[in-house]
Amino acid sequence: MACKVGPVTDSEGRVWLTIATTRPETIPGDTAVAVNPKDTRYAHLIGKHIIRPLPIQLPPEQKLIPIIGDEHVDFEFGTGVLKVTPAHDKADFDIGQRHKLPVVDIMNANGTMNELAGESLVGLDRFEARKVAVERLKELAVMVEEKPYENSVGFSQRADVPIEPRLSEQWFLKYPSVEVSTKCVANGQMKFYPDRWAKVYDHWLTNIQDWCISRQLWWGHQIPVWSKHFTDASEFFGNDDSDQDVLHDCISILGGEDIICVRYVRDEKPEAGFQESVPKTGGFTVFVGVEADTVKAPSGEEIALTSRLEKAGFTQDPDVLDTWFSSWLWPFATMGWPENTETLKKFYPTTDLVTGPDIIFFWVARMIMAGYEYMGELPFRNVYFTGIIRDKQGRKMSKTLGNSPDPLDLIARYGADALRFGTMRSAPLGQDVLFDEKDVELGRNFCNKLWNACRFRQMQGGEVQGEINAKLLSSDDQWILLRLDLAIREVSDALTGYNFATAVQSLYRFFWSEYCDWYVEASKAAFFGEDAALKANKVAVIDFVLSHLLRMFHPLLPFITEELWHGMGYAADMPEGQGGQTIMYAPWPKPLSADEKEAWGLDDTVETFANAKFELVTQGRNLKTQFNIGAGKKGKFTLKPAGQLDPKEAEVLRLLLSAEALALDPNYAPKKGTPTALTKLGELYLPLDGLVDSEAERTRLTKEVAKIQGEIEKVQQKLANPSFAQKVPPAVLEEHKQRLADWQTKLAQTKSAIEALS
RNA sequence: GCGUGGUUAGCUCAGUGGUAGAGCACUACCUUGACACGGUAGGGGUCGCAGGUUCGAACCCUGCACCGCGCACCA
């Protein structure tokens, strides 16, 4: 294919052109040879004729075909000369149309060659014919070279054979409302999520081609067009067959009502297409499109249209309609269209379409065009494109591979909510999803956790507590209310932007890491205590948090949240139409108001104090692990507080540390080698009765020093840069300085702790 | 060829300029009174490569490599 040849003139003065082809059997169907008019090797030959080698039996003067110039020809490719076979190649057909070339179909419908292919090929299968054609070319001594060439031909999925391009008659639809459909997405009236698909949509619409709606299948909706050939107008009109008279009646009665459509195609000029009136001369074919088998005439008369057409000798088109031809009507045809029903009025246009990006042309674009064309308005305002679910290896789910899980089986084993939640959690915006059963398992575990968290509330007893008493709020209560507020804002924002995975992430963090891990554990200090008012108020906070949480979870976990909504008694607490009946009608949680925040004392100090507590607890737990006071063992801590510490807070800390005791002693003098954690709330000691291992503690603290020094170095390097202080925003500068100070304090403390060891 | 998405911990993926994160998997300990479908602690990453912009880059720009997807082409 790389041969860069030009025309060759032989000793007899004849000019030869070399042509590369992978389908020599189609040579008898060639009706021209094309070169690029800009190709200097060949341009001078345009307008001359060339002798086509096949069919071998025909005399040369019957095989003269023109040499034409066409921009389509790539002179880098092959020899730069293209044989043009309009009946057997899409691109060649287009060239043929441009140059008004004859179209010679040399094959039968079953893939064998017909008589036009010549004596030596007729009757042969196309692949057999290919071999024979090569032999004939060799006989003629016109074969230059034969070599293997790999190209990608389309294969029929059903028959598993190479697809043979062949001319046939098909029905095409000129797309309607193209311009307005293109604009509505381009100008943002309709939004795509993720919006990059808008570009794909735009590209397709601006290069749109007529829609081939014929399908050669045995199933489907048969195209409702009947046709019959007539030799002339007198045959069409001059027949006294009564059925045909009725047909004429139908045409005259119904033609104007758009119930039937009658068109005429002249034998002589088929390319002129459908004519609206009966041709005066020559033969023609009559096409009748009908709306229904039986129609009602304006006079009220029932007319069995199709049976009369058949009696009059008309036959229905054997092809069926493309399935998408009904799907594009879906946004309105599902709601009683063409009647203007109440449902249609209410739900057209709708807000969101959720679908896969792989059917953006097949379905989405066509629905938009049909919407504008038949309803005069866009069908939906937002299109959310999901990822495609693939298997663990990234392959598409397919019946052939058998790699698709059975959703009903998964639901039976893990629950419907688990499947939904797990899949949502692993489905980032615009990315394909690799399906892993582990995700469903995670969903199930999550549901279990939610169920148990609600159970914990129920075990505290009492009715649903509506009123929160601000005076009785602990720092933990204030903290969880602030976190709830943040979660409500994050989840609402995520859902508004169609970021479902982000919404799941926020909820997961809030519920599991914040509510369960910290708040529920901390709340046990009150529940294990004796103060009834405090307990009741804590229950009120929990009810407030959970009733908001369940509503936020509801779109992701519809079944379990409904169950819990009623089980927890939150339904009974709400008005009938706003959650009393079902959580589905409950209002979406609103972020806390400024008034609420003020009344409950939710300010910045809440967060700071909570973080200090969590830091102390984490370090204390760390100490326990380091010194092998396992989770089962309690341990006794002593805290030398940095300032005032409410005994109630100390009790919470003790519980979170899972310690037997937490002594508060401002004057504590630890024994040498007592393990220490240095925190903002004070120095936390873990006295180990007689079992002090100074070396172990020294090792631990030395490691700690190294880590701290590393952090200090990082911050110092930044601050040492002269332009850092000048150019950085003040808040960032302040934050870096504070960070350095914190680490330095910690370093000093840790070093003195090491001193104290010796 | 044109367009488009990706490359971050063993795996799946968040993170769009200021101290690298989650879930799973892994290690150790624990059946304590919501939950072992659980808890606590821990190990594990020079954020694909090379330049550039910036006081500062996983993040912005340029180029490259590799893996996808779509469209066109396939004489």
Side-chain angles (χ1 to χ4, degrees), chain A residues 1 19-23 26 33-34 72-74 77-85 89 91-92 149-154 194 196-197 199-200 203-204 207 357-358 360-361 388 390 392 394 414 418 422 425-436 438-439 441-460 499 501-502 505 508-509 512-513 516-517 520-521 524 527-528 617-618 621-626 628-634 655-658 711 714-715 717-729 731-733 735-736 739 743:
Chain A
M1 284 299 156
I19 298 176
T21 180
T22 54
R23 297 165 68 210
T26 63
V33 159
H72 169 78
V73 181
D74 176 359
F77 199 89
T79 62
V81 187
L82 173 67
K83 67 190 219 43
V84 183
T85 327
D89 185 278
D92 288 8
Y149 177 68
E150 197 170 314
N151 68 348
S152 46
V153 300
R196 63 188 145 85
W197 293 111
K199 201 171 171 182
V200 177
H203 183 254
W204 186 72
N207 296 291
D358 46 344
I360 192 165
F361 314 132
I388 294 167
R390 299 171 178 277
K392 252 186 187 172
Y414 296 103
R425 188 184 161 278
S426 60
L429 180 64
Q431 294 281 105
D432 286 356
V433 182
L434 301 196
F435 178 81
D436 187 342
K438 281 276 176 197
D439 290 327
E441 195 181 318
L442 178 133
R444 179 202 58 183
N445 295 352
F446 193 86
C447 291
N448 182 60
K449 187 84 174 175
L450 183 62
W451 187 264
N452 279 298
C454 288
R455 203 160 73 96
F456 174 77
R457 154 65 185 93
Q458 287 202 310
M459 286 169 72
Q460 310 315 322
N499 290 304
T502 308
Q505 204 179 4
Y508 194 106
R509 188 209 61 229
W512 201 306
S513 309
C516 289
D517 288 352
V520 169
E521 293 308 319
K524 288 175 184 174
F527 288 130
F528 295 168
V617 170
T618 304
R621 286 168 175 172
N622 193 301
L623 281 186
K624 284 179 74 178
T625 309
Q626 298 276 344
N628 292 320
I629 301 174
K633 297 172 197 157
K634 286 293 187 181
L655 251 161
L656 292 173
L657 284 164
S658 165
E711 296 294 339
K714 272 203 276 185
V715 187
Q717 255 175 18
K718 282 193 173 187
L719 289 169
N721 190 327
S723 46
F724 182 81
Q726 293 163 15
K727 299 188 179 177
V728 101
V732 176
L733 181 64
E735 189 263 334
H736 276 76
R739 200 192 306 165
W743 283 121

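Naming convention: chains lettered A, B, ... in sequence-line order (proteins, then strands); numbering from 1 in each chain.
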Grab the [atom1]-[atom2] distance between [X] and [N] for me, whole Å please.
{"X": "A/Leu733", "N": "B/U19", "atom1": "CG", "atom2": "C1'", "value": "15 Å"}
{"X": "A/Gln717", "N": "B/A57", "atom1": "CD", "atom2": "C1'", "value": "16 Å"}
{"X": "A/Arg455", "N": "B/A34", "atom1": "CZ", "atom2": "C1'", "value": "6 Å"}
{"X": "A/Phe528", "N": "B/G33", "atom1": "CZ", "atom2": "P", "value": "9 Å"}
{"X": "A/Arg739", "N": "B/G56", "atom1": "CZ", "atom2": "P", "value": "16 Å"}
{"X": "A/Glu441", "N": "B/C24", "atom1": "CD", "atom2": "P", "value": "10 Å"}
{"X": "A/Asn452", "N": "B/G33", "atom1": "CG", "atom2": "P", "value": "13 Å"}
{"X": "A/Asn448", "N": "B/A34", "atom1": "CG", "atom2": "C1'", "value": "10 Å"}

Taking only the side-chain heavy atoms of [X] (C-beta and beyond), determine which of [options] contains the nearest atom.
{"X": "A/Ala453", "options": "B/G33, B/A34, B/C37", "result": "B/A34"}
{"X": "A/His203", "options": "B/A34, B/C71, B/G23", "result": "B/C71"}
{"X": "A/Leu442", "options": "B/G23, B/C74, B/G18", "result": "B/G23"}
{"X": "A/Asp517", "options": "B/G39, B/C37, B/G23", "result": "B/G39"}

Using a cut-off of 4.0 Å on non-hydrogen atoms, how would the nucleic acid contact of [X] be classed: base, sugar-phosphate, or nothing?
{"X": "A/Cys516", "value": "base"}
{"X": "A/Pro722", "value": "nothing"}
{"X": "A/Val200", "value": "nothing"}
{"X": "A/Asp74", "value": "base"}

Quick one: is [X] getting a side-chain N or O under 4.0 Å of the [N] phosphate, OP1 or OP2?
{"X": "A/Lys392", "N": "B/U12", "value": "no"}
{"X": "A/Arg196", "N": "B/U4", "value": "no"}
{"X": "A/Asn445", "N": "B/G38", "value": "yes"}
{"X": "A/Asn622", "N": "B/G42", "value": "yes"}
{"X": "A/Lys624", "N": "B/C30", "value": "no"}
{"X": "A/Trp512", "N": "B/G39", "value": "yes"}
{"X": "A/Lys199", "N": "B/G5", "value": "no"}
{"X": "A/His72", "N": "B/A72", "value": "no"}

Taking the side chain from [X] and the backbone from [Y], do they hold a donor-acceptor pair closer than 3.5 Å?
{"X": "A/Arg621", "Y": "A/Leu656", "answer": "yes"}
{"X": "A/Ser658", "Y": "A/Leu655", "answer": "no"}
{"X": "A/Asp436", "Y": "A/Asp439", "answer": "no"}

Open item on the list: For the P atoms, the ones on B/A50 and on B/A57, what distance do you get once it is rounded to whole angstrom?
Closed with: 15 Å
Open item on the list: Say we look at B/C59 and B/G18: how far apart would their C1' atoms be, to the nearest angstrom?
Closed with: 12 Å
Open item on the list: By nearest heavy atom, map A/Glu521 and A/Arg621 onto RNA chain B; which one lands nearer the 5' end?
Closed with: A/Glu521
TODO: Would you kindly check whether a donor in the side chain of A/Gln626 faces an acceptor in the base of B/A28, or vice versa, at under 3.5 angstrom?
DONE: no
- [ ] Mark yes or no for a side-chain to base donor-acceptor pair under 3.5 Å between A/Lys449 and B/C35, with no hydrogen or angle criteria applied.
- [x] yes
- [ ] Using side-chain contact (heavy atoms from CB on, under 4.5 Å) as the criterion, point out the one residue from A/Val84, A/Asp92, A/Leu82 that pairs with A/His72.
- [x] A/Leu82
Between the protein and nucleotides 13-17 of chain B, are there any N/O to N/O pairs under 3.5 Å, and if so, what are the atom names and distances?
from  : atom 1 : to       : atom 2 : distance (Å)
B/A14 : O2'    : A/Gln505 : OE1    : 3.1
B/A14 : O2'    : A/Gln505 : NE2    : 3.4

Task: Evaluation steps, side-chain contact (heavy atoms from CB on, under 4.5 Å), between A/Asn448 and A/Arg444 - done: CA-CA 6 Å; A/Asn448 182 60; A/Arg444 179 202 58 183; 5.7 Å; no
Please determine, for [N], whether a Watson-Crick or G-U wobble partner exists with both distances under 3.5 Å, and give it or none.
{"N": "B/G1", "answer": "B/C71"}
{"N": "B/A34", "answer": "none"}
{"N": "B/G63", "answer": "B/C49"}

Open item on the list: Testing the basics here: between A/Val200 and A/Ile360, what is the closest heavy-atom pair and its distance to 0.1 Å?
Closed with: CG1-CG2, 4.5 Å
Task: Residue pair A/Thr21 / A/Lys83: nearest heavy atoms and the distance that separates them - done: OG1-CE, 3.4 Å
Open item on the list: Ring of A/Tyr508, cation from A/Arg425 - is the NZ or CZ under 6.0 Å from the centre and inside 45° of the axis?
Closed with: yes
TODO: Could you please spell out the steps behind the side-chain contact (heavy atoms from CB on, under 4.5 Å) verdict for A/Leu719 and A/His736?
DONE: CA-CA 8 Å; A/Leu719 289 169; A/His736 276 76; 4.1 Å; yes
- [ ] If the plane angle is over 60° it's perpendicular, under 30° parallel, otherwise tilted; pick one for A/Trp512 and A/Phe446.
- [x] tilted
